[in-house]
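Everything below concerns the one structure shown next.
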2 protein chains.
Amino acid sequence: MRIEDIAKEAGVSIATVSRVLNNPQIVKKETRDRVLAVVTKHDYVPDSLARGLMTRHSKTVGVLIISVSNSYYMEITETIQRRLREAGYMMLLGATDDSPELERRYILDFASRRVDGIIVIDASHENYASGFYPRAAAKRPIVLVHSDEAIRASGMREVFLDQRLGMRRAMDHLWALGHREVVFLRGREGFSYDLKQEAWSDWLLEHGAEPRPELVLRIDEGNTEDAVPLAEEAVSQALRGGLVRSAIFACNDLQARGAVSAVTKSGLRIPEDLSIMSHDNTILAVSGRVQLTSVDLKMKSVGLAASELLFQAMGGGGIEGASRRIEPELVLRDSTGRACNG
Amino acid sequence: MRIEDIAKEAGVSIATVSRVLNNPQIVKKETRDRVLAVVTKHDYVPDSLARGLMTRHSKTVGVLIISVSNSYYMEITETIQRRLREAGYMMLLGATDDSPELERRYILDFASRRVDGIIVIDASHENYASGFYPRAAAKRPIVLVHSDEAIRASGMREVFLDQRLGMRRAMDHLWALGHREVVFLRGREGFSYDLKQEAWSDWLLEHGAEPRPELVLRIDEGNTEDAVPLAEEAVSQALRGGLVRSAIFACNDLQARGAVSAVTKSGLRIPEDLSIMSHDNTILAVSGRVQLTSVDLKMKSVGLAASELLFQAMGGGGIEGASRRIEPELVLRDSTGRACNG
DNA sequence: CAAGATAATGTAAGCGCTTACATAGAGGAA
DNA sequence: TTCCTCTATGTAAGCGCTTACATTATCTTG
C-alpha cells in the first residue's frame with residue numbers, strides 16, 4: 001500500500017492524503033473522513049524512510065550501552081526507552097562491549113540511519129579525546145553519560161555521574177562507624193574499577209591511612225554471575241590470611257554477595273564483626289538474607305536527565321546549560337555497622 | 001555530504017560512487033581508490049533512508065519485549081542483539097508493558113520503518129487470535145517467542161518455550177524427594193503465572209493430590225524488587241498458619257528469595273526442614289547464602305533459535321520447519337532436599 | 001451578481017540513493 | 001582498417017513520500 005493507492009481509492013490526490021496524515025485540520029472534514037476511512041481500512045502506515053528523506057528526521061534515537069545483560073544498566077535503559085516512547089521516538093539499541101572502536105562504528109551507523117539524536121552511556125574517554133564525539137556532535141545532538149572529568153569540562157551535552165562523590169560518601173560512612181581499614185574488592189579491568197580504586201586510595205591518603213596494595217582484592221570477572229563465587233573465594237582467602245579485619249568495599253553487588261558468603265561461612269557476623277559496603281544498589285542488594293548497604297548511582301535520574309537534555313537539543317535548544325551532575329546516594333541497610341575493633 | 005559531493009570531488013559520476021560502495025569489484029581499481037580516498041576523507045556514510053527506499057530493506061530488525069528492566073529478559077535481549085550485530089543488523093527495541101495494544105502500535109511502527117524482520121518475545125495470545133500477527137507476518141518475517149499452544153500450532157515462525165515441561169520437571173523433582181504438598185507462590189496477574197498455576201494444579205491432580213486453594217499464595221507484585229519483601233511476608237504468614245509443611249514452589253527467583261528469608265527467619269532450615277523450588281534461574285538464584293534450585297528457561301537458546309529463524313526467513317526461506325521448541329532445564333542446587341515428613 | 005478574497009485541492013519538484021540501460025573506449029580477429 | 005566484444009563509466013528513472021506553488025471551488029461583499 002502506497003500513498004498513491006490510498007489516494008486513488010479515496011478519489012483524491014496524493015498531496016491530500018499526505019495532508020490528512022500530517023496536517024488534518026487544513027483539509028475539509030468530509031474529504032478527511034473519506035481518506036481516513038481508506039487508511040484505516042488498509043492499515044496504511046506511510047513509509048517512514050520516504051518521509052524521513054523529505055523531512056530530514058527519522059523519529060529515532062540511537063542509544064549505546066556497554067552491555068545489555070547487566071542489571072546495572074537495566075534501569076537507565078528502561079527509563080530512556082520509556083521517555084522516548086512517550087515522545088514518539090523509537091530506540092535503536094547497541095551494545096558496545098566497552099570497545100571504543102565498536103562504539104564508533106555504531107555511531108557512524110546511527111548517523112547513516114539519520115537518527116535524530118544519540119545517547120552514549122558510559123562514553124569512552126578515547127572517543128572524546130580523539131575528537132570523535134565532538135565531530136559527531138556537530139552533525140546531530142549527542143548526549144554523553146560519563147564519569148570523566150575531561151568530558152565534563154568539554155562543553156558538550158553531558159550527564160556527569162559523580163562516582164567519586166559516591167565513593168566518598170561510602171568511605172565517610174565507614175569511617176564514621178569507626179572503620180580504619182577498608183579492603184577494596186574489584187574486578188579485573190575497566191575504567192570504573194580504576195576510578196573507584198583511585199578514589200578509595202585518595203580518600204585513605206587524605207585521612208592519613210595507607211592504601212596498602214595487599215588490601216586490594218582483584219578477581220578475574222567483574223559483572224557476570226561468575227563474579228559471585230570468585231569474590232567469595234578471594235575474600236575467603238584474604239580472611240584466612242588475616243587481611244580482612246574491619247570492613248570491605250565491594251565494587252558491585254555481585255562481588256558484595258560473594259563477600260557476604262565468604263564472611264558468613266567463616267563464622268563471622270555481619271555487621272557485628274565485619275562490615276560490607278556495596279555499590280550499584282541493584283536488586284541483589286535487597287534479595288539476600290543480609291541486606292546490603294550500597295551506593296546507588298541513581299540511574300533513573302541519570303536516564304531522565306539524559307533524555308531531557310536530548311529532547312532539548314532535538315528541539316533546537318542550544319548547548320548552554322546542557323549539562324547535569326547526578327549525585328550518588330548511599331542507601332543504608334544491614335551490612336554495615338559500628339566497627340568492633342575500632 | 002551527499003553522494004553527489006563525493007562524485008564531484010572524485011571526478012566521477014554518482015553511479016560510480018554507488019558502485020564503489022556496493023560492488024567494488026566491478027569498478028577499475030584506479031577509480032575505486034580515488035573514490036574511496038574521498039569517502040574516507042570526509043567520513044562519508046550513505047544515507048540509509050535513501051538507500052532503503054531503493055533497495056527495499058533497512059538492515060534493521062524490530063524486537064519487542066515486555067519489559068527492559070527485568071533480569072529474566074536480559075539474557076535473550078543480549079543474545080539477539082549480539083546475533084543481529086554479527087549479521088550487520090541494527091536492533092529497534094520496544095517494551096510493551098504486556099499490553100497487546102501497545103504491541104500492535106509498535107509492530108505498525110516497525111512496519112513503517114521498513115524493518116526487515118520482527119521478533120516478538122512473549123507474544124500475546126490476543127494478537128495472535130485476532131489475526132493481527134498473521135496479517136503482519138504476511139508482509140515481513142515475524143518470529144514469535146511464546147508459551148501458547150495455539151500459536152504453536154499456527155504454522156507461523158515461532159519458538160515455543162515449553163513452560164509446562166519445566167513445571168513438570170520441577171514437580172517431579174520435588175515428588176521424587178518425597179514432597180507431597182507443594183505451596184504455590186505467585187504474583188498478581190499475568191499469563192505466565194496462570195500457566196504455571198494451571199500446570200501445578202494439573203500435575204497434582206495427576207498424582208492424586210489436591211491443589212487446595214489455600215496452598216496458593218498470591219502477592220501483589222510479581223517482578224519488581226518489591227516482590228522480595230512481599231513474598232517474605234506472604235510466606236511468613238502462611239508459615240504461622242501452618243500451611244507450609246513440605247515444599248514451596250516460587251514463580252521466580254525474587255519470590256523465592258523472599259520465601260527463603262521468611263523460612264530462615266522462622267528458624268527452619270533449608271532444605272532439611274523445607275524445600276524451595278524456584279523458577280527462572282537468574283543471577284538471584286546463585287547470589288544468596290542458599291543457592292536455589294531453579295527452572296532455567298534457557299533464554300539464550302531461545303534467543304539463538306529466534307534469531308536463526310528470523311535470518312532464515314529474511315534470507316527468503318520458507319515457513320516449513322520454522323518452528324522450535326526449547327526445553328527448560330532443572331538446575332539442582334541447595335534449596336531442595338529430601339522431605340523430612342514425607 | 002461580478003469579482004476579489006479565501007479555502008480546498010491538485011501538480012510537480014525533489015529528498016539521496018540504486019540500477020537498468022546507454023555510451024564510450026580498448027583490444028582483438030579477420 | 002573495420003567490426004565485434006568486453007569492460008568501465010555515465011545518464012536518467014524512480015523508490016514513496018512532503019511541500020511550494022498553481023489551480024480551482026467556495027465565500028463575501030458592495
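Just so it is clear: chains get the letters A, B, ... in the order the sequence lines come, proteins before strands, and each one is counted from 1.
When every heavy atom of Gly317(A) is checked against every heavy atom of Arg157(A), the shortest pair comes out as O-NH1, 3.6 Å. Nearest heavy-atom pair, Leu53(A) versus Leu49(B), reported as atom, atom and distance to 0.1 Å: N-CD2, 3.9 Å. Nearest heavy-atom pair across Ala95(A) and Gln81(B) is N-NE2, 3.2 Å.
One N or O on the side chain of Asp116(B) and one on the backbone of Lys59(B) form a donor-acceptor pair closer than 3.5 Å. Between the side chain of Thr16(B) and the main chain of Val12(B), no donor-acceptor pair closer than 3.5 Å is present.
Environment of CD in Glu86(A): crowded, with over 12 heavy atoms of neighbouring residues, nucleotides or ligands closer than 6.0 Å.
Spacing between atom CD1 of Ile14(B) and atom P of dG10(D) amounts to 11 Å, rounded to whole angstrom units.
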Nucleotide N/O to protein N/O under 3.5 Å, stretch nucleotides 21-23 of chain C:
none

Do any N or O atoms of the protein come closer than 3.5 Å to N or O atoms of nucleotides 14-16 of chain D, and which pairs are they?
unit_1: dC15(D); atom_1: O3'; unit_2: Arg56(B); atom_2: NH1; d: 3.1
unit_1: dG16(D); atom_1: OP1; unit_2: Arg56(B); atom_2: NH1; d: 3.3
unit_1: dG16(D); atom_1: OP2; unit_2: Arg2(A); atom_2: NE; d: 3.4
unit_1: dG16(D); atom_1: N2; unit_2: Ala50(A); atom_2: O; d: 3.3

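In this structure, the ring of His125(A) has its center no less than 6.0 angstrom from the ring center of Phe191(A).
At dT18(D), none of the side-chain N or O atoms of Thr55(A) fall inside 4.0 Å of OP1 or OP2 (strictly under the cut-off).
Between Asp47(A) and Arg51(A), no side-chain nitrogen of the basic residue sits less than 4.0 Å from a carboxylate oxygen of the acidic one, so the salt-bridge criterion is not met. Taking the charged nitrogens against the carboxylate oxygens, Asp109(B) and Arg113(B) do have a contact shorter than 4.0 Å, which makes a salt bridge.
Contacts between residues 23-36 of chain A and DNA chain D, defined by a heavy-atom separation under 4.0 Å, are absent.
Inter-residue side-chain proximity for Tyr44(B) and Ile3(B) is flagged as met; some heavy-atom pair is nearer than 4.5 Å.
At a threshold of 4.0 angstrom between heavy atoms, the contacts of Ser18(B) include nucleobase atoms, whether or not backbone atoms are also involved.
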